[in-house]
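Data block below; observations after.
What you see below is based on every heavy atom in this structure, not just the backbone, and it leaves out hydrogens, waters and symmetry mates. Treat the numbers as computed from the prediction; the structure is a model and nothing was measured. Chain letters run A, B, ... following the sequence lines, proteins first and then strands; every chain starts at 1.
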Amino acid sequence: MPSHPLRVAVVCSSNQNRSMEAHNILSKRGFDVRSFGTGSHVKLPGPAPDKPNVYDFKTTYEQMYNDLVRKDKELYTQNGILHMLDRNKRIKSRPERFQSCKEQFDLVISCEERVYDQVLEDLSSREQETFTPVHVINVDIQDNHEEATLGAFLICELCQCIQHTDDMENEMDELLQEFEDKSNRPFLHTVCFY
Amino acid sequence: MTSNNGESVGARTCVASQFFKDDKIGTHFSYNMFSVLTHQVVDLLNQAALIATDSKLTVLKQVQELIINKDPSLLDNFLDEIIAFQTDKSMEVRKFVIGFIEEACKRDNELLLRLIANLNMLLKDESVNVVKKAILTFTQLYKVALQWFVRSKVMSEMQEACWDMVTQMKEDILAMLDIDNDGVRTHAIKFTESLIITLSPRTSDSDTPKRQEGDISLDKIPKDHPYIRYDTLCEEGKSALEQLLKFMVHPAISSINLTTALGSLATLARQRPMFMSEVVQAYETLHANLPPTLAKSQVSSVRKNLKLHLLAVLKHPCSLEFQGQISTLLLDLGMSQNEIARNTPPINDDDDKEEPVAPSVSKPSSVPAAQSAIDLTAEFLRPLLSPENVANLVLISMVYLPDVMPASFQATYTPVESAGTDAQIKHLARLMATQMTAAEIGPDEEAGKDEALDDSLGETSKDLLIKRKVPVVGQAISVVGGGYTEKSQLETPQVKRLPEPILPSTQIKMPGASGKRKVFRLADVVQPFTDAQLEKMTNTAVKRILHSEKAIAQSGMSHVRVKLLSRLVCQFEGIMMDDVLEFILEDIRTRIDLAFSLLYQEYNTYLSQQPAGLLDAYDHCLFTLLAGLQEKPEQRDGLFTKLVLEAPLITESALDVIRRYCEDESRVYLGMTTLKELIIKRPSRQFQYLHVLLDLSSHEKEKVRSNALSFIKRMYEKDQLRDYIEKFALNYMQLLVHPNPPSLLFSADKDTEVASPWTEETVRQCLYLYLSLLPLNHRLVHELASVYTEAIADIKRSVLRVIEQPIRGMGMNSPDLLLLVENCPKGAETLVTRCLHILTDKVPPSPELVERVRDLYHKRVPDVRFLIPVINGLEKKEVIQALPKLIKLNPVVVKEVFNRLLGTQHSEGSSSMSPLTPGELLVALHNVDSTKCDMKSIIKATNLCFGERNVYTSEVLAVVMQQLMEHSPLPILLMRTVIQSLTMYPRLGGFVMNILSRLIVKQVWKYPKVWEGFVKCCQRTKPQSYSVLLQLPPAQLTSVFERCPEMREPLLQHVHSFTPHQVAHNLFYELACNSGPLVEENSTQDSEEKMEEPVEEPMEETSTEPADVTDQLKDSIAEPETDRTTEPETGAGDAE
């Protein structure tokens, strides 16, 4: 078991719901965790499916919150967006883009296959330097509050199991197979190098 | 993993500089600073030696910062102190030491000479994490070392030794490709990648990352270096690539290793385009032969990686030549044509925009590669792939298909869209060529060699060509068919050369487990349960099955559940039996299937253990079920009967339950019906069951008994049971000969008194069965007689009481009964008599019976009592003959005889059958010879007749008197009867006068007794009798007056009343006047004594009268003179 806490990155599209939910839980459980989005913009549901609220990654959660309160407080209270932003701003100030982060992790967990692809693309496009491995695992989570919560717990359990392995890299395969069987969903898994 | 990234180093610098700022040392002299730093480092190192790991790391990092970045001159001084930590027990500290070595060597290459051995040590550390870190560091230091040595034109011995060690370590790490740890292998792959890059020439088309611009590569190695040989390095590089490719095609490669290798190949292709051919071929081979050990999701991951890396390769300008192959692969991987096109580098079709260098340089490296063995084979195959050949190939291959579709195939299979097109045939040819080359089959080896394929790279590729030999992997599909097997024989040695660690055992385990090399032993991870746990789990498991009744019924699998349950219960030797039985009894109607299944299972178990098997479990099961049913309030569903009749075997205890059923008054019928069925349908044990029923025939409860008897009677009709029943009945009856009732007659609770006397009840018990059988089989009656003779008096009495019904049932025509009468064993007379009485009680006796009795009477036992029952069947003469004996019997018996004779007992008109009329009887009585019978008995007998007033009417009596009158001598009792009749019927007075008159004619006075009665009669009938008296001759009249002096006076008066004419005619007048005083009382007394009481009374009255009767007589004779003539006439008229 590594003596340092696992350095984990949780990545979703907009660094709002799924990654933040997992971020929340993982940090409470003592992981060294950061969360990211891979999208080019931060998108939040709007008054209609084709009218999302789009922000760039520089916008703070606070600003988004205020913006939405101003636009339609009732709607965004009712669909839980304000609650989510409120939670998010207490974790960190603003969403972060995975591609912009140069920090190294032991484990990157993506929340959907598209995000996984983007993470892989980004990591493999970086120039290799130290050859330190980073494991990338995809856990498919639907982008809604309930699934985000369930998914976050699954991620947390997964991380705890990995944290408790004697030799993470050696046992990862088997561990993931067990998790696949248990949770009845497939995990994409690969390794990249810094 | 901690200290070697730029950012964190930067951060640490920051911390350190802050540290100095805080201490305000930064502004001091360098000398001061130096000494201060030294002190500080010493302090920190001292601290580090004492404190715990976490803070130790922090402290050591501070030291590193100080001596490497702040003042490298200190490095040498403290090197040993830091390195000393490489034996620290903390893995993290050792990793820090490795990081320190890297930093130190990078800072001062000279240190390599001192530190490389330490790194070598750490490379063999016990902790894989330390080893990994050492590999990462060595990856960096290899380049550093090479660069450093290449720069120095002259190598010292130490340097040479150092390089030798570096070379050795390189080999060690390459060997780690086969190590037993996934993570270490991953690091080894990355090292190999880096090594190949270093040991191959960078070309103009190399896509080198900016950061590695300054890194050394083969092209920078001088060919004239004194110690480091260019050729050697070149060969080492090629060999590394070879190893990597070989590693990649291992069938049991883990998905992470595969992913890593794929990435490495992509890097190689981009940075060293000369290897692009090998890379693309490796990709093709892999795509066609994904390791069978991969799980489904791993296949997806690998394919995704393959796609990513192919795209990366495709983007490289040198991919031009391989675009066809890459696009085909990408299409197969599910990428759209458009996407591929977008990622393809612009093809320089336009002549004006010629690429300056790249194509020209790439050509020499790529062209030979393109003409590899695969290409040749593919070219050779293409024209051969006619539809017919392909069809044959498919058919042949069918034989080799595995039973189960491998996950990899399932994941990668995409329907062939362009079947039959040229492109597709080309692709197919290439796929086959890949396989064939792997199996080292070529179209024409000689030809291939001739065509200048001896180019080094061509050779390499040929050797390297993917040998996906999968000798033992079950899931692998051999695509090449027969040739393959042949080849694989030849290839065996090569297969064995594969280092063991990768495949610890020849068994291929679960796909997901492939990464893990531990041998799995079940015993290591499981502990045996305790018996209690086992039992508990067994019980709960069975209970779950038991209570899932409805759910299973809904799925229509009830029969499976039933079977399962019964087997389980039996196998566990009945631990669960009681629960299951209880469950069944809760609702036995619907769970009868389970009950039967259980029973049969148990029985089966018993049978299988023959001959030593015990029936206990079966018995318990059957008993509980039956007893449980008995406790239920009601069943009209016949479950009990069903259970009993369908059970494979009825045990003793089960039979007891059945018996209890029979004894239960509310269920007696059900119980016995079941028992009857058992008797009939289970011939092998029918006597056992029959015995129970027979036992019940003497049961104390009447209902039970009568039911049992009626069932037995039905059974009795069956020949095979008859003997047994009969024997039982007779045995039981035989008990009667014992002086005391045997204990078996008592139910267990009552059998306390050892020698209680026979009672009516116990006697009956012995006879119930027998008596019910008797009417069915008359022969049995003889047995009764023999028992009867031996039995004590009490029993005899009881027997006589109970036989009425059956004897009557037999009827008097029964030959056996007649035989009994005929034989009449000695001692059985009363029995026979009783039988006769019963038979003739209501019916007149049949001639046969009479005949038998007569015979018996006359020839053997002259007891007149035998005759009584059949008396009406006898002839008149016989009756009269027997009469004297009969009337001497006990008055009660005599009464019965008379009843029979007179037909007064029964009203069915049987009296007409009587051989004697009442009159004849009475007459016969009068004629009984007084020597044979005392007068007293005769008088009693006649009295009995007179008692029957209905029979002896005045007419009958008149006839009797008339007949008696005719007899000569006159019967002694004549006058008694006359007087008696007159008393009963006073209107017979006239008739009696007539009788009296005729008696005078018969000279009645000659019969003293009759004369006496005559006088008495006259006395009682005065004054009517005066005229009769007056007919007497004078002597007799005198005798009358002597006997009855009181008569004289009235008679005299009667005569006085006569007219003279009348007197003249009356000769007795004088006699009457003179003889009056002659009457003596004494003589009257004497005669009176001989008369019987009823007649006596009026005579006494007269005797007590005053003596002077003579006057009265005269008066009485004189007075009624006028009517004298008319009176007798009227009396006679009355009598007529």
Query raised in the report: In Å and rounded to the nearest 0.5 Å, what is the CD to CD distance from A:E129 to B:Q140?
Result: 7.5 Å
Query raised in the report: Side chain of A:N170, backbone of B:N181: donor and acceptor closer than 3.5 Å?
Result: no
Query raised in the report: Which region of B:K190, side chain (C-beta onward) or backbone (N, CA, C, O), has a non-hydrogen atom less than 4.5 Å from a non-hydrogen atom of chain A, or is it both or neither?
Result: both
Report task. Spell out, as yes or no, whether a donor-acceptor pair under 3.5 Å connects the side chain of A:E127 to the backbone of B:K210. Result -> yes
Requested in this report: Inspect the surroundings of NZ in A:K71 and state if more than 12 heavy atoms from other residues, nucleotides or ligands are less than 6.0 Å away.
Outcome: yes
Report summary line: The reported gap from NZ in B:K133 to OG1 in A:T132 (rounded to nearest 0.5 angstrom) is 7.0 Å
Requested in this report: Enter the distance from A:H135:NE2 to B:I256:CD1 here, rounded to the nearest 0.5 Å.
Outcome: 5.5 Å
Query raised in the report: How about residues 80-93 of chain A versus chain B: which residues have heavy atoms under 4.5 Å apart?
Result: none
Query raised in the report: Looking at B:E193, B:K132, B:H187, which one forms a side chain to side chain contact (heavy atoms under 4.5 Å, CB included) with A:F131?
Result: B:E193
Query raised in the report: Given that the side chain runs from C-beta out, which part of B:L308 has a heavy atom under 4.5 Å from chain A: side chain, backbone, both or neither?
Result: side chain
**Report entry** Inter-chain contacts: residues 110-122 of chain A against chain B, heavy atoms under 4.5 Å
**Finding:** A:E113, A:Y116, A:D117, A:L120, A:E121
Query raised in the report: Residues two or more places apart in sequence or in another chain: which of them pass side chain to side chain donor-acceptor pair (under 3.5 Å) with B:S297?
Result: A:E180
Query - chain B contact via A:Q128 - which portion, at a heavy-atom distance below 4.5 Å - result: both
Query raised in the report: For B:S90, is it the side chain, the backbone, both or neither that has a heavy atom under 4.5 Å from a heavy atom of chain A?
Result: neither
Query raised in the report: How would you list, in number order, the residues of residues 184-194 of chain A that have a heavy atom less than 4.5 Å from chain B?
Result: A:P186, A:F187, A:L188, A:H189, A:T190, A:V191, A:F193
Query raised in the report: Under 4.0 Å between a Lys/Arg side-chain N and an Asp/Glu carboxylate O for B:R185 and A:E169?
Result: no
Query raised in the report: Within a strict 4.5 Å, meaning less than it, do heavy atoms of the A:D173 and B:Q298 side chains meet?
Result: yes
